[in-house]
Structures are given as C-alpha cells and as structure tokens.
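These notes are about the structure you will find just below.
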Amino acid sequence: MYQMKRPWIWVAMLGRMVLNGIKETGTLALFAIRGFINIFYPPFYWRIFWGSLLDIGYLSLPVVALTALFSGGVIALQSYTGMSQYHVNSAIANIVVLAVTRELGPVLAGLMVAGRVGAAMAAEIGTMQVTNQIDALKTLSTNPIKYLVTPRLLAATFALPFLVLIADILGVLGGFTVSVIKLEFSPEGYIAATLNAVKPIDITIGLVKAAVFGFLIALMGCYHGYRSRGGAQGVGAATTSAVVAASILLLVFDYLLTDIFFAK
Amino acid sequence: MNQPYPKIRIRNLSKSFGSNYVLRNINMDVMKGTSFVIIGGSGSGKSVLLRCILGLMAPDSGTIEIDGKNIFELSYSEQAEKLQEMGMLFQNSALFDSLPIWENVAFSLLNGHRKNQPRANRAQARKRANRVLKLVGLDANNIEDLYPNELSGGMQKRVGLARAIASKPEIIFFDEPTTGLDPIMGAIIDNLIVDCVKKLGSTTIAITHDMASAQRIGDQVAMLYKGELIWQGEADKLMYSDNPYVHQFTHGLYEGPIKMEIKV
C-alpha cells in the first residue's frame, strides 16, 4: 500500500472496502448466473441432483418437523398469555396459522436447512477445492460448476417448498395441540377458525419464499466452498461464512419478498 | 525444416503474482511421443508452469501451442475438447473421495465432455475401469467398490494413474509422481508410468525433484530455477551436466550457487 498521510488513510480504506464489496457482489452474481444457466446445457448430472434432493428434502425432515411443531405450540401459548386479558381467545388459531404459513414456516425451515445443508455443501466443496479435486474435475474435462453447483442449486430450490409445506402443517398441528390439550379449546372450533383464517395465497407465497431461500442457501454453500483456500482452516472459515451469509441473506430476502407480496 | 513440429510448443511464457515473477520467458518444445521432465526446487515455478499448460491458469504473456494451436485463443468448447485429450496425475492423487474407486477411474467416461463419442453407460464404464485398474497392477475385482480413503498412498497413486490414462489421452501430466512414496513404490510407479506411456504412445510432461525418477521416466529434462529454464538436455546427461546449478541440484549439495531462500 502506498504511504499516505494520516487523515487520508481512512478515505483510502473506505474506498477499498467499497471496491471490495462491489467486486464480491459481482463475483457472486457471475457465479450464480453460471450455476443457473448450466441447467439449460447438457449434460445434467442427475445422480448428484437426486442425491442432494434426498439429503436436503428427506434427511432434513426431522429437524424441520420438530422446529415447526414447537414453534407453532409456543405461538399459541404466547398469544394466549398476551390475549386472555382482552377475551379474544378465538384469535389464537388465526394468529398461529398466519404466522406459521407466512413467516415462521419458511424462515425457520430455511434457517435450519442453512445450518444443516449449507454448511455441509460448503465443507464438501471446500474440501474438494483444497485437495485439488476441483482441478481434477477440470482435467477430466468436466465443468466443475455444472457438476457440483448446478444440481445442488436446483435440488435446494425444489426441496425447500416441500419442507415448508410439511412445516406449515406441523406448525398448525403444534398450535392445535397446545390450544386443545393445554388451553382447553374445542377442537372443532379451532379447526374452523384456522380454515377460516388461512387463504391459499398465504401458503403459496410462503412456498415461493421457500424456493428463493433454498436457492440462496445452496448458492452460499457452493460459493463459499468453491472459494475456500488454504487447507482445513480455510474450509472451516468457508463453512462459517456460508451459514452466516445464508442466514442473513435469507432474512433480508424475507423482508423484501414480504414487502412485495403482502404490503399493500 | 526437417524437424517435425512439436506436440507442445511454449514461447516466451511469463507469469507473475504481484511483483513476484514466477515464470520468466519460458521456451520449450516437447516432441510427440516423448517424455519431458521438469526438475527444480520448491517454489521454482514448476507447478505454475504445469497449470498454465493445462489451462488451469492463464499466463501474463507468451503462447502455449498444442498441435500448433495456441490454447489461450481457443473457444470454450475447443478448450474442453483439448482437455479431453489430456490426463493428469496429481501430487496428492486428488481422487474424488465421495465416489468408489471404479467411478473415479471411469469418471471422464461417465461425466466428461465427450465430443464424437457417446457417453458410456455405467456397465461399460465399470468394465473399462476394471481393465485399466489391472493395467496399473491393482487387484481390480477386490478394490473397485472401495472408497479412496480405504487405500494406501501407493495404491491411491496407482488409482490416480489409472484415472489419468482411462480416457487414453494424448498428453499426460505428472505432478511429482513419486513424492510421498517409499523408494521401492516410487520405482514401481515410475515403471508403470513408462509402461503405460509406451502402450498409449502419449506425450508426457512430469515435474519432480526426485532425480532417480526423472532419469527413469524422462527422455528430455529441463531444470527450472527462479522461473527460468536454465538447462535442457537428454535425461542421461543430467547427472553429468557441468552447469553449476544443475550439478548442485542433482547431487543435492549444500555448497553451490543455489541459495535456498528461507525468508518469505
């Protein structure tokens, strides 16, 4: 770095940060486009796709199911303590179903999958990078983006909506169980209130969010893994970055999508 | 011009990282069907040179011609075709640890870019892998379903060699083929390399700092020192060179013109 007078060094550092940020965004965008566009160029690596789909969709089920079940239950409990003083207990079913389908289902399932799958992708691809396996792919005339990234992006985009649908059902079930058993609501009344409150559009938008989240999680996992350098430590750092970046991006996009779809 | 045109022709190749010159004005010719060995100490630029020829890294200036075509002017698909004609044995073997041995060996048949050749089905690919594994002296029937981490280093090297030659490449690269092996296993691998190359009629480039290995596998040898090719000649003249650098290096002498740089 050039020698600079003290007051200006901060300007230089600020400039460097901005430039790095722009560069990083550009690299990421190119990576995402390359990953996505390869869907349309054969060959498509179906084995990797089915493997990832199984890993993301099926093996994440227990984690996502438990998260949704307890979150639905806790919302019922919390809104009951908050609302019993106003005698509007009938609103509990309403709150549970809207909170779960619109927000908690996609966001919590997304965060759990980011921790489980995003980290695993970053670690696997990162290890392949630092042990030259990605170079080996190139020398075997296989495009590493097409082979490693594209099937994972696609699998996560398909798997997340499916997981969220399960999370929606179990979240409502959690709220129902707590309300009926602990708060002694009538089951028929609760179900009627739930069906009355939820609209298909709520669920659909939740699922659209889920697809976007799935894409983001896989993108972050692959991107940070692909860029890891320098052995075990590099892979560890990549894994952390993948999970942190995926979680933050997920919440940012959650806001943006909510703003687009619900705020009128 | 009675001289046949070289298979690989490198002219004025230079590469630097920042202000650090790694390769300076490299000129070399590799004739078809011969074996070219590049020797040099750690950090002399051997690996960078190899990565440039493979197209994994772009040089700052200069040309690399394979069959008379500059590889940096090829289109994306032409480049993929060129890679299809190359094989590489990595220093750490770089086997895909998520795939069984036979899929590693048959990888380019199953997944690689294959122009003018139909993609092999799994049964065919497995048969071919079995044959190639036997060619490198492995008990193919017993190990083809194992995973790379279940094999010893020497066996992994053999599998790496099998993977590199499975698609019958015209050019094969060896990155320190004997490093990390005991002397006997080193000699065995060298013999395998010579054998396989003879059978396939391929052109090979190897980098190594193992003098015995260099003489066993090389027809021509060049020494790289601080990014420059300081000596080229027949392999059997290597040990009798009067170049003081080569003499010091080949005989492993402490005294001489080469000072190891300890400082980073």
Side-chain angles (χ1 to χ4, degrees), chain A residues 1-2 30 33-34 37-38 40-52 54-55 59 117 120-152 155 221-222 225-232 234-235, chain B residues 18 47 50-51 53-57 76-100 103-115 117-120 122 148-149 156 159-160 162-167 169 171-176:
Chain A
M1 198 194 275
Y2 300 107
L30 276 178
I33 291 168
R34 282 169 69 201
I37 223 151
N38 271 317
F40 306 108
Y41 294 94
F44 185 76
Y45 296 105
W46 287 103
R47 295 178 69 85
I48 309 263
F49 174 74
W50 291 120
S52 311
L54 187 77
D55 185 36
L59 298 178
V117 176
M121 280 182 186
E124 186 180 350
I125 296 179
T127 306
M128 290 186 74
Q129 180 65 270
V130 302
T131 56
N132 290 339
Q133 291 181 49
I134 290 188
D135 283 343
L137 278 175
K138 290 182 197 158
T139 67
L140 294 165
S141 56
T142 303
N143 178 346
I145 301 270
K146 192 198 291 262
Y147 182 76
L148 293 172
V149 179
T150 305
R152 284 177 167 80
C222 295
Y226 206 84
R227 280 164 39 103
S228 43
R229 292 283 178 274
V235 176
Chain B
S47 298
L50 203 63
R51 295 170 75 87
I53 305 174
L54 265 167
L56 297 179
M57 200 181 259
Y76 185 79
S77 64
E78 282 175 319
Q79 218 164 21
E81 263 170 66
K82 269 277 166 286
L83 276 170
Q84 192 190 323
E85 296 163 6
M86 299 188 199
M88 161 119 181
L89 173 59
F90 285 82
Q91 187 180 348
N92 60 357
S93 301
L95 300 176
F96 303 119
D97 39 28
S98 58
L99 298 176
E103 271 191 63
N104 264 285
V105 174
F107 193 89
S108 68
L109 307 175
L110 287 168
N111 301 305
H113 176 97
R114 297 186 73 66
K115 194 166 183 201
Q117 285 159 286
R119 192 171 296 272
R122 291 179 72 77
N149 61 356
Q156 287 186 9
V159 176
R163 184 176 70 177
I165 64 172
S167 60
I171 305 171
I172 313 176
F173 298 89
F174 300 100
D175 186 353
E176 312 211 348

Side chain, backbone, both or neither of B:Ile171 within contact of chain A (heavy atoms, under 4.5 Å): neither

Structural part of B:Arg163 lying under 4.5 Å from a heavy atom of chain A: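 Both backbone and side chain.
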
Largest heavy-atom contact set with chain B, pairs under 4.5 Å, which of A:Thr139, A:Thr127, A:Ile134: A:Thr139

Max heavy-atom pair count under 4.5 Å with chain A, selected residue of B:Lys82, B:Arg51, B:Glu85: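 Top option by heavy-atom pairs under 4.5 Å: B:Arg51.
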
No-hydrogen, no-angle side-chain donor-acceptor test under 3.5 Å, B:Gln91 and A:Asn132: no

B:Ile172 and B:Leu89, any side-chain heavy atoms less than 4.5 Å apart: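 No, their side chains stay 4.5 Å or more apart.
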
Note, B:Ser108 side chain near B:Gln84 side chain (heavy atom, < 4.5 Å):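 Result no, sub-4.5 Å side-chain heavy-atom pair not found.
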
Check: A:Tyr147 ring centroid to B:Phe96 ring centroid under 6.0 Å: no

Structural part of A:Leu137 lying under 4.5 Å from a heavy atom of chain B: both

Minimum-distance pair of heavy atoms, taken over all atoms of A:Val130 and A:Gly231: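 Closest approach of A:Val130 to A:Gly231, heavy atoms only: CG1-N, 3.6 Å.
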
